[in-house]
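Down below is the structure, laid out as structure tokens.
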There are 2 protein chains.
Amino acid sequence: MTLANSLSEPENELTALEILSRTKALVVPALEAASQRLGLEVQPVVSHHFAAGGKYVRACLALLSANAADADDQVGLVGALAIEFVHNFSLIHDDIIDGDTTRRHEPTVWAKYGVGPALIAGDALSALAFQLLLEEPTAERVWAARRLADAVQAMIVGQAQDIASEHQPSLSLEECLRMEAGKTGALLACAASIGAVLAGANDAVVNALSEYGDHLGLAFQATDDMLGVWGEPSVTGKPVGNDLRLRKKTLPISIANAKGFDVFAETTSSVEGDLSEAEVAAAIVLLEECGAQYETLELAEKELGAALMALENAPMANTARTELAVIARYVIGRDK
Amino acid sequence: MTLANSLSEPENELTALEILSRTKALVVPALEAASQRLGLEVQPVVSHHFAAGGKYVRACLALLSANAADADDQVGLVGALAIEFVHNFSLIHDDIIDGDTTRRHEPTVWAKYGVGPALIAGDALSALAFQLLLEEPTAERVWAARRLADAVQAMIVGQAQDIASEHQPSLSLEECLRMEAGKTGALLACAASIGAVLAGANDAVVNALSEYGDHLGLAFQATDDMLGVWGEPSVTGKPVGNDLRLRKKTLPISIANAKGFDVFAETTSSVEGDLSEAEVAAAIVLLEECGAQYETLELAEKELGAALMALENAPMANTARTELAVIARYVIGRDK
């Protein structure tokens, strides 16, 4: 059983790819145009990062959320760009923090250009997001910029909790969920509502879209955590059990913990450093046998359900609602 | 002859310290209060950084620029906080980039907590600056936030040029001035005008203050570059000739270059790596003998004059104008 088969229908996946490809067609050239505003030294660094591709899920949500408020893609576009710049700033900085040398099968920015240029490139993308939103400071764009600043701060809190968790023996499920809501949910919630904000939608719509994004964030992260343990290396581009090897305090680990299984304590006698291949294999068996794998999948499904419910309960354009649901199912069913 | 003696009168320095101490009394508690909004994991990291102290020149300029537009310190305060958060975000990130292990005689943030937490702390301060300005989105605060985003981007361009210059044999004087205008001038210009922006001042006042800040930035950086070569280590907290040892392309080097002296080529046969003590000493002698030391000092004086002229030419409150001039003279005459 793969995650993709268990959670999504082939026809949904195809439609999601169509929606994402429509997003890319609009957003990628606009991202390239906006990147010209970066310093000449920063541009090639940023280009290298973007050249490796990406799914543009966040940009897609930003555009769909404008559609949800009966506005067209052009209204949501500046929000989609700002969100993508912030998201990629966080990826570039995360790769420095985690010491990851490849992303999407390409060298990460710091691995190719060094820590300094990578750090600067991330900073530049973050500032560019606010420049774009504030250069025409309508009430809607200012509101969007304010929500984006709050989302960035929440994301950073989540990242800081993630780093701190490296030195903790374990995280409770509650702590883990809070960390993942910050790391992933905050920006997804901002993405899923920024188009509606830019369209001047009322609070009911904005809040419903934001709630959809929060739940989708947790579902997304649960999927990510599943892929970090059970993902196919040739597809994810990361080694088998990569998160286990690095002792990451992911959802499956915290779920096992809540069931009384201290996965790292039970599979390795060392207290720090990478797990060996045999220890990773033992940890995987334990996570499967104690039911943590199954429950992580269940959690992803539950959060997906809550995300879809948030869409149902608010007034919005039906086509956008359907497409937001399709994207949500795709995100949870993806295999990389 | 010390820089302090050559450029400032003792009575000015005392008054500058009084103005700065008045700034600190207002700004430091407000910075501490605003820092409470950071994540619990980030707060101690940021506290460590701020505990080492600082001159709060930028915060001071922000408050004085509100005074210049006939507004009181409270109007400029949020601008002073935003500027200080951005400035300290750049210091924390710069220390990572440069690998500097001490600042103000204390371990730098990355040296004490690691690169990840330092990187995150800088990101958090940057986001906090925009949160503060945008949480009450009046037209003035939005204008301030927009100018701040532009200043951050210009600062980053300067930092990127600085990093890139490490791999260049030399910088022309023009390139060096452009880099330093970005690195230091952009944020100082924003600081020196943000209070007036928040007070809703007209363009003539805002532009004059901004021009003052631009020139002060170059004068400030020329002083910094002088201290990096001729500063007293017990006062600056950095080794003798630190910038030379690291082959930094500072103003004295570019000025010598414009006079036909390639300082690094003439004092060391190696093309990379730190200069030895003997090579540093030889470089210092060359910079002095070719007149680059004297001309850097002259450049600082010329930029100081241009900064003061910008103040003279615009309508503003006289007390603030005088105090801005006092601070400018202090900044150029400082010894650390």
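Fair warning: this is a prediction, and the values are worked out from it, not measured in the lab. To find a chain, count down the sequence lines: A is the first, B the second, and so on, and within it residues start at 1.
- No more than 12 heavy atoms of other residues, nucleotides or ligands lie within 6.0 Å of CD in B:E272, so this atom counts as exposed by the packing criterion.
- Using cut-offs of 30° and 60° for the angle between ring planes, the B:H93 and A:H93 rings count as perpendicular.
- Here A:D150 is the residue among A:V115, A:V157, A:V42, A:D150 with the most heavy-atom pairs under 4.5 Å with chain B.
- For the atom pair A:L133 CG and B:F130 CZ, the distance stands at 11.0 Å (nearest 0.5 Å).
- Note that the CZ atom of A:R147 and the CD atom of B:Q131 stand 13.0 Å from one another [nearest 0.5 Å].
- B:L119 places a side-chain heavy atom less than 4.5 Å from the side chain of A:I96.
- Rounding to the nearest 0.5 angstrom, the gap separating the CG atom in A:L148 from the CG atom in B:L134 is 10.0 Å.
- With chain B as the partner, the residue from A:A121, A:A154, A:A149, A:G122 showing the most heavy-atom pairs under 4.5 Å is A:A149.
- A 6.0 Å sphere centred on CD of B:E174 holds no more than 12 heavy atoms belonging to other residues, nucleotides or ligands.
- Pairs passing the salt bridge (charged side-chain N to carboxylate O under 4.0 Å, His left out) check and including a residue from residues 93-104 of chain A, sequence neighbours excluded, read A:D95-A:R103, A:D98-A:K248.
- Residue A:M155 holds its CE atom at 7.5 Å from CG of B:D123, rounded to the nearest 0.5 Å.
- Proximity to chain B (any heavy atom under 4.5 Å) is restricted, for A:A164, to the side chain, taken from C-beta onward.
- For chain A, the nearby parts of B:I120 are the backbone and the side chain; heavy atoms of each come within less than 4.5 Å.
- In this structure, CD on B:Q159 lies 12.0 Å from CD on A:E41, to the nearest 0.5 angstrom.
- Side chain of A:Q153 to backbone of B:A124: a donor-acceptor contact under 3.5 angstrom is found.
- In this structure, the portions of B:L128 lying under 4.5 Å from any heavy atom of chain A include both its backbone and its side chain.
- Ranked by heavy-atom pairs under 4.5 Å with chain A, the first of B:V152, B:L40, B:V142 is B:V142.
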